[in-house]
Amino acid sequence: MDKKENCGLFGIFGDPEAVRKTYFGLYSLQHRGQESAGIASSNGETIAVYAAMGTVQRVFRVGSDVLEKLANPVAIGHVRYSTTGSSKLVNSQPFFVEYSRGQCAIAHNGNLINAGLLHDEYEAYGSIFKSTTDTEIIAHLLAKPTHVAKPDPLGHVLNHLQGAYCLLFLFPDRIEAARDPYGIRPLCIGQTSAGAYVVASETCALDAIDAKFVREVEPGEIVTLDKRGISSRFFVQPGTIKPAHCLFEHIYFAKQNSTIFGENVHEFRKKLGRRLAIEHPVEADVVVPIPDSGTSAAIGFAEQSGIPFDMGMIRSHYIGRTFISPDQKMREVDVKIKLAPIREVVNGKRIVVVDDSIVRGTTTKGKIKAFRDAGAKEIHMRVSCPPIRFPCFYGVDFPTKEELIANNRTLEQIRDFLSVETLGYMSLDGLLSCAALPPDHYCTACWIGKYRIPVDTAVAKFALEHYQLRMFENAQ
Ligand code: SF4
């Protein structure tokens, strides 16, 4: 897999086990980012923060007393993949600041497309930045005296941001959870059996701590978790902006047991597989998924086509999601160790290989070769989303347009590159027909290049670092 992940958020208010539950919540969101993890907690008066590089298990390893030191009844947590700013300790989150109104810790999932402009503006007025992420810019906006003086400083600040963001703000006495007006990334609210409120990127994190799903945070909404329970306000007029939910969350990012944008991820992917079998039928002996992200769609394909499903490739769960490794060489080694074909399943067979997407094409080619080396007689590749032709500016770290295999190649050229007998991509209409909401409620920019939030002022992943790279070279 050569696309990358965004981040995962978790927060809980008023639970004696808040920090431990945040740890478990982050654990269940680990698929959303493995570069760093962090927790910030509050005792009602002050905030404590710990964040470090690595997976949740590594950062909060058994035997260390970090969780005990953080133990407080209110906590937020973050797992990170670097969609803006490189993979460094200084960029790990929650991001902690002390300003005129006291302490605040911020956790962010998404990407601000006007981060470069805001950064320039604030730096010109004397702001000093200590990280290279767009999240720090939000802290500077929050601290600006004219913003602090507003009746709702946070709502005012959020109106300055453009792009995709789900944000958790931990103040000593409350958590504020906000979602951008387009609802690009998922964010939900849950409640424990003891009544404590929880916010999380995906419902799988609620399941992990036995919290029940209450509802999604609405696009353009700020939900406050404090000692009175939850309360809500909107920083844009509700319903004035049509949502643009990221369909890639459904296709690939989110966990199969999560429900996002009103629909279970596994069921959605099975629908994609069934539709794919209708759009691109083929005679074959066995349907095999690229695990794990292609598995649900492959089950749907097998159901619809009547071709038996089998596990033709096995995934090692002792190595992380490949695309999360930040450099190409590491990713290639990861793939070899991680995904191994089962010769007994594919040898001498006509196989249908189902995957969720093809990005650069190099890792897919490697998997196809592995099937061929294991004796597959014919390989028919089926992809449960349309060809990705455009970059994402909303928090998914696809490569540049030029690196995308479908950018300037025909279907036949891609088929030839992959060395498969046939290749079939899901149509965009087919994809949208599987979704629960009307088509105009989803972002489809990476397939058709129409960006719902204009990106002419967009920042590239490392844009902020043009200013700061030298400063942070030795930061770790
Ligand atoms: S461009 Fe693609 S990956 Fe990015 S938010 Fe839109 S649908 Fe998701």
Side-chain angles (χ1 to χ4, degrees), residues 1-9 31-33 81-84 108-115 134 161-167 179-187 201-202 216 219 241-255 258 260-263 265 268-269 272 293 321 323-324 355-360 383-401 403-407 425-461:
M1 208 60 49
D2 45 11
K3 55 195 167 293
K4 299 174 187 174
E5 189 52 273
N6 40 90
C7 304
L9 309 177
H31 59 286
R32 297 185 69 86
Y81 181 81
S82 52
T83 53
T84 304
H108 176 206
N109 170 205
N111 195 41
L112 301 182
I113 59 174
N114 63 337
D134 50 2
L161 309 181
Q162 291 170 17
Y165 52 88
C166 285
L167 287 160
R179 196 172 174 205
D180 74 67
Y182 294 84
I184 295 174
R185 305 273 144 234
L187 189 64
S201 294
E202 295 179 33
E216 294 190 9
I241 297 173
K242 260 202 195 95
H245 304 312
C246 172
L247 267 170
F248 241 94
E249 291 279 353
H250 258 315
I251 293 165
Y252 175 73
F253 295 141
K255 234 184 200 171
S258 286
I260 57 164
F261 314 142
E263 196 173 10
V265 172
F268 181 91
R269 291 181 190 167
L272 293 181
S293 53
R321 288 181 108 175
F323 66 94
I324 290 177
D355 205 356
D356 62 283
S357 56
I358 303 175
V359 182
R360 287 186 184 86
V383 188
S384 65
C385 83
I388 299 165
R389 297 202 164 94
F390 299 91
C392 173
F393 294 97
Y394 307 144
V396 175
D397 198 8
F398 286 147
T400 61
K401 192 174 171 187
E403 290 173 284
L404 294 167
I405 190 167
N407 167 44
Y425 280 97
M426 171 73 87
S427 68
L428 185 60
D429 283 349
L431 169 60
L432 291 167
S433 75
C434 294
L437 298 170
D440 60 355
H441 281 52
Y442 295 98
C443 174
T444 52
C446 49
W447 299 294
I448 61 172
K450 281 191 186 149
Y451 295 91
R452 291 279 297 280
I453 312 171
V455 291
D456 47 339
T457 57
V459 286
K461 178 179 175 188

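Just so it is clear, the values below take in all heavy atoms, side chains as well, and ignore hydrogens, waters and symmetry mates. Both ligands and their constituent atoms are indexed starting at 1 by order of listing.
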Quick one: does any side-chain atom of [X] pair with a main-chain N or O of [Y] as donor and acceptor, under 3.5 Å?
X: Glu403; Y: Thr400; value: yes
X: His245; Y: Gly183; value: yes
X: Arg179; Y: Arg185; value: yes

Original post:
What part of Arg185, side chain, backbone, both or neither, has a heavy atom within less than 4.0 angstrom of ligand 1?
Top reply: side chain
**OP:** Any side-chain hydrogen bond (donor to acceptor under 3.5 Å, both in side chains) involving residues 425-439? Give me the pairs, sequence neighbours left out, ordered by first then second residue.
**Re:** Arg275-Ser433, Glu279-Ser427
Original post:
Under the side-chain hydrogen bond (donor to acceptor under 3.5 Å, both in side chains) rule, what pairs show up with a residue in residues 384-396, not counting sequence neighbours?
Top reply: none
Original post:
What are the protein N/O/S atoms, named by residue and atom, that sit under 2.8 Å from atom 2 (Fe) of ligand 1?
Top reply: Cys446 SG
Subject >> ring pair (Phe, Tyr, Trp, His ring centres under 6.0 Å) against Phe268, all qualifying residues, sequence neighbours excluded >> reply: His250
